[in-house]
Engineer: 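Dumping the structure here so I can ask a few things about it.
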Amino acid sequence: MWIIAQGIASLVSSSFITISEKQAINLLRAALYDFIHNNRLEDGQITVNSLQQLDQLTKI
């Protein structure tokens, strides 16, 4: 999670992206949900379905 938070902070501080605090929190929550729900902490697989779910979670 630290890597994702650092990445968001770097993009914001360099004015590469502009997002609200709520959006940043939702991105972190979505990433955590994705890691847990799709067992990414064990096998590292990425599936198309999980990316679609991630898109749904990050909408505000």
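Heavy atoms only: backbone and side chains are in, while hydrogens, waters and symmetry mates are out.
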Engineer: Cluster question for you: counting only ILVMFWY and a side-chain heavy-atom cut-off of under 4.5 Å, with indirect links fine, are Ile8 and Leu11 together?
Structural biologist: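 Cluster IDs for Ile8 and Leu11 match.
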Engineer: Nearest 0.5 Å, what's the CG-CZ distance between Asp34 and Arg29?
Structural biologist: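 Output value for this atom pair is 16.0 Å.
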Engineer: Do the non-hydrogen side-chain atoms of Ile17 and Val12 ever get within less than 4.5 Å of each other?
Structural biologist: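 Side-chain contact under 4.5 Å: yes.
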Engineer: Applying the 4.5 Å side-chain criterion to the ILVMFWY set and letting contacts propagate, would Leu27 and Leu32 be lumped into a single cluster?
Structural biologist: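 Leu27 clusters together with Leu32.
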Engineer: Do you know the tightest heavy-atom contact between Ile4 and Ala31?
Structural biologist: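 Closest heavy-atom pair between Ile4 and Ala31: CD1-CB, 3.5 Å.
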Engineer: Please tell me whether Ile3 and Ile19 are part of a single hydrophobic cluster in this structure, the criterion being side-chain heavy atoms less than 4.5 Å apart.
Structural biologist: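 In one cluster with Ile3: Ile19, no.
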